[in-house]
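Lettering of chains follows the sequences in order, A, B, ..., and the numbering in each one begins at 1.
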Amino acid sequence: MNALEQILTAGTLFVILMKVAPLLLAAIGGAFTQQGNILNIGLEGMMLIGAFTAISVGSAFDSALVGVVAAVLAGLALSLVYAAGTLWLKADFIVVGIGVNLLAAGLSVFLLQVLYGNPGVTPPSANITLPRISLGPLADVPVLGTALNNQTALVWLALLSVPLASLVLYRTRYGVHLRAVGEDADAAAAAGIRVTRVKAQSILISGVLCGAAGAQLAMATLGSFTADMTSGRGFIAVAALTFGLARPVRTMVAAFIFGAADAVADQLGIAGFNSNLALMTPYVITILALVVAGIQFRRIRGARASATPTPQVA
Amino acid sequence: MKKQRMMGGLAAAVVVALSLTACGGGDDAGSGGSASGGGSDTPAVANVINGPLGDQGFFDDAARGMAEIEKAGSKIQNIQADANNPAQWKSNLESVSGGDWDLVITGTSQMVDILTETAPQYPDQDYVLYDSVVEAPNVASIVYKQNEGSYLAGVLAAQATTNTEAFPLSSGSKKVGLVGGMDIPIINDFVEGYRKGVETVDPTIEVLVSYVGDFTDSNKGFDQATAMYEQGADVVFQVAGGAGIGVLKAAEESNKYAIGVDSNQNGLHPGHVLASMLKNIGVSLESAVEDYKAGELAFGETTEYGLSNDGVSLTFEDNGDTVPQEIQDQIKDYAQKVIDGEIQVPTAL
């Protein structure tokens with residue numbers, strides 16, 4: 001009925017893109033570490049600290065650009081902590097990841113209290129939003145024009161990060177080294193690849209992308225930071241990249257499925273569906289879609305493996 | 001990991017600080033713990049908070065009440081905690097239950113299980129629990145009729161969507177919305193009151209309701225409110241804590257109206273936040289302590305704070321005169337009708 005019409009508008013695509021952008025940036029970042037065989041649980045914390053820094057620094061300098069740069073640096077700094085803990089101190093990846101998340105949650109609330117005297121939310125005086133990019137005459141292109149017009153630069157960056165990541169992972173020396181390290185670290189070391197350095201670089205890349213994801217999350221529409229505002233998006237990103245097998249395009253598809261389901265769920269809730277079911281919808285749809293994708297992938301890989309004597313990992 | 005150690009240290013520091021103040025404070029505390037209802041002129045009052053201050057709502061308002069109690073001469077202490085650490089809340093509650101404080105205040109439904117366990121262990125300690133009920137002979141429970149305050153918010157929202165002259169941003173769509181934090185009884189009590197308020201003005205007005213799923217995801221609050229405005233809603237009432245910050249922002253972005261909650265949020269987006277519904281926690285705590293001084297605080301019983309005793313209210317302060325005086329007067333009339341029992345507001349509790 002009416003509800004379906006409301007859901008399937010070009011405006012919904014605009015909303016989906018906005019929801020997907022931070023997820024996608026974080027997931028692509030996590031895909032890099034995953035290619036190096038590190039399951040990066042710390043995406044959530046890196047995103048959160050990026051969101052906080054974007055608002056606090058951006059508003060202090062009254063510049064969205066400064067905010068984004070600061071967010072990226074903050075994500076980078078936290079990823080350094082993660083890299084130091086896991087690679088040099090040899091702690092468990094998951095444990096350090098949880099530590100990074102707790103650190104980000106505690107630190108952001110602590111700094112909110114110190115800087116603004118309020119650990120819940122940044123005050124109206126510290127408000128900064130990203131400029132929107134107008135497409136001009138191209139905005140009239142049906143569907144895509146509406147969806148892409150007036151999005152932030154970080155949405156474009158998120159979309160661009162997918163082909164860029166593919167390029168880096170599959171067409172550069174670094175990408176080959178990283179994947180070799182992820183495949184078999186000992187063999188890679190024997191071949192003369194500096195394993196720790198390659199892994200560290202992948203972690204730093206994830207920090208940079210998560211910082212940008214946080215900036216998009218806080219500055220795209222709200223212009224303010226609220227405590228724990230990532231609300232699990234980092235873990236959704238981990239799910240997306242896991243089911244996407246850390247391949248950029250598949251990861252993007254997974255992120256989009258979730259974003260679309262999330263947008264639909266918002267409408268379902270308003271249309272009067274049971275609220276708990278509505279809130280569950282994105283997760284259920286994501287899992288279903290990814291299970292189907294996983295089965296298909298396995299079939300393809302199985303066929304390929306039986307066709308060639310040595311299985312290739314693309 | 002790191003944080004937990006930090007919080008552990010903090011808890012230890014709190015305990016040390018407490019024992020120090022208890023030692024230094026002389027014997028004004030400790031002796032007054034009679035279960036029959038106090039009577040001390042300046043009772044020592046501890047407020048165990050199951051989260052940090054700074055929520056611009058609930059806990060901050062309780063702390064405001066505590067400050068007033070301190071002004072009246074009492075020794076007070078607010079004990080903050082981690083937002084998601086029930087073990088710490090419990091140890092904090094136990095640490096002040098040993099008889100050093102005449103009255104121990106705590107609140108919210110999250111503390112119910114903990115207090116149910118702790119109160120019988122310290123039968124000589126007097127407790128006040130706000131916003132929930134624990135049935136024990138040494139606990140005085142305070143609940144708020146948020147449905148009554150929410151009723152007024154509903155009346156206001158209905159006026160705004162029908163009266164496009166007084167509210168120029170309205171489209172006259174006869175649609176209003178509510179974004180709640182979670183689908184839980186307390187939030188649904190707001191929903192019930194809101195629906196009733198809207199219905200009183202015009203039963204043909206449609207009420208859209210959605211839930212964020214938590215109280216932190218401000219982006220989701222923004223998205224849900226924006227979806228409501230796109231479907232034609234003229235006013236959205238937020239009952240979603242931190243996530244509600246996104247709802248208020250969405251009102252500005254969509255150039256429509258919103259109604260705030262818990263603290264005065266009218267100034268956050270000038271011209272767009274019509275009013276804020278308040279639960280006056282602080283006022284209720286002050287009056288509970290006054291009752292305690294007079295020996296009249298009813299332990300083992302539940303006191304309701306509604307429109308009649310200032311437990312809940314709708315404030316128009318700082319809203320940039322977006323609501324004409326005559327409509328404010330009308331809303332006052334409705335409030336009076338609720339107080340007089342002429343209008344019964346349904347509840348979800």
Side-chain angles (χ1 to χ4, degrees), chain A residues 2-3 6-7 9 11-12 15 18-19 22 95-96 98-103 105-107 109-110 112-113 116-124 127 129 217-218 220-233 262-263 265-276 278-280, chain B residues 1-4 6-7 51-57 59-60 80 82-84 177 179-180 182-183 187-188 206-228 230-233 241-246 248-250 252-253 263 265 267-270:
Chain A
N2 196 338
Q6 294 281 7
I7 291 168
T9 60
T12 311
V15 174
M18 231 154 53
K19 280 177 181 283
V95 175
V96 179
I98 293 172
V100 160
N101 291 343
L102 289 175
L103 180 67
L107 190 65
V109 169
F110 174 72
L112 268 178
Q113 172 74 59
Y116 306 110
N118 174 345
V121 59
T122 49
N127 195 290
T129 48
L217 191 67
T221 52
L222 298 172
S224 64
F225 176 86
T226 46
D228 198 23
M229 74 184 299
T230 45
S231 299
R233 282 179 179 77
D262 198 29
D266 283 350
Q267 302 280 359
L268 286 180
I270 298 168
F273 282 77
N274 178 297
S275 73
N276 292 313
L279 287 174
M280 230 163 64
Chain B
M1 185 177 64
K2 207 164 195 173
K3 190 181 168 203
Q4 242 163 26
M6 204 174 78
M7 293 315 299
L53 287 174
D55 57 349
Q56 287 194 315
F59 295 147
D60 281 0
Q80 304 185 51
D82 201 4
N84 297 305
V179 174
M182 294 169 88
D183 194 350
I187 298 300
N188 287 327
E206 191 183 346
V207 182
L208 309 170
V209 178
S210 74
Y211 302 88
V212 175
D214 57 49
F215 291 92
T216 57
D217 197 340
S218 45
N219 273 287
K220 199 150 175 67
F222 178 91
D223 290 340
Q224 293 193 343
T226 302
M228 285 182 177
E230 272 170 10
Q231 294 196 11
I245 300 290
L248 304 180
K249 176 72 182 178
E252 186 187 5
E253 202 88 337
S263 64
Q265 301 176 319
L268 287 183
H269 299 286

Item to complete: Report yes if some heavy atom in the side chain of B:S210 is under 4.5 Å from a heavy atom in the side chain of A:D266; otherwise report no.
Response: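 Not touching, per the 4.5 Å side-chain cut-off.
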Which one, [options], leads in non-hydrogen pairs under 4.5 Å with chain B?
| options | answer |
| --- | --- |
| A:N101, A:N276, A:D262 | A:D262 |
| A:L107, A:T230, A:L222, A:T226 | A:L222 |
| A:I270, A:L279, A:D228 | A:I270 |
| A:S275, A:G269, A:P22, A:P124 | A:S275 |

Worksheet entry | Check: A:L217 main-chain N/O paired with B:N219 side-chain donor or acceptor under 3.5 Å |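 Yes: the side chain of B:N219 pairs with the backbone of A:L217.
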Fill in: Contact winner vs chain A - B:G267, B:G241, B:A227, heavy-atom pairs under 4.5 Å
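The answer is B:A227.
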Discussion item. Using a 4.5 angstrom heavy-atom cutoff, name the option from B:T226, B:D223, B:L248 with the most pairs to chain A.
Written reply: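 Option with the top pair count is B:D223.
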Worksheet item: What pair of heavy atoms forms the shortest contact from A:R233 to B:K220, and how long is it?
Response: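 Distance-wise, the nearest heavy atoms are NH2-N, 4.2 Å.
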Item to complete: Give the minimum heavy-atom separation between A:M229 and B:D217, together with the two atoms involved.
Response: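 For A:M229 versus B:D217, the nearest heavy atoms are O-OD1, 3.9 Å.
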Worksheet item: What distance separates A:S231 OG from B:F215 CZ, expressed to the nearest 0.5 Å?
Response: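 These two atoms lie 12.0 Å from each other.
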Practice prompt. Enter the distance from B:K249:NZ to A:N127:CG here, rounded to the nearest 0.5 Å.
Written response: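 The distance works out to 5.0 Å.
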Side chain, backbone, both or neither: which part of [X] has a non-hydrogen atom closer than 4.5 Å to chain A?
| X | value |
| --- | --- |
| B:V179 | neither |
| B:F222 | side chain |
| B:Q224 | both |

Worksheet item: Heavy-atom distance under 4.5 Å to chain B: side chain of A:T221, backbone, both or neither?
Response: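 Looking at A:T221, backbone and side chain both touch chain B.
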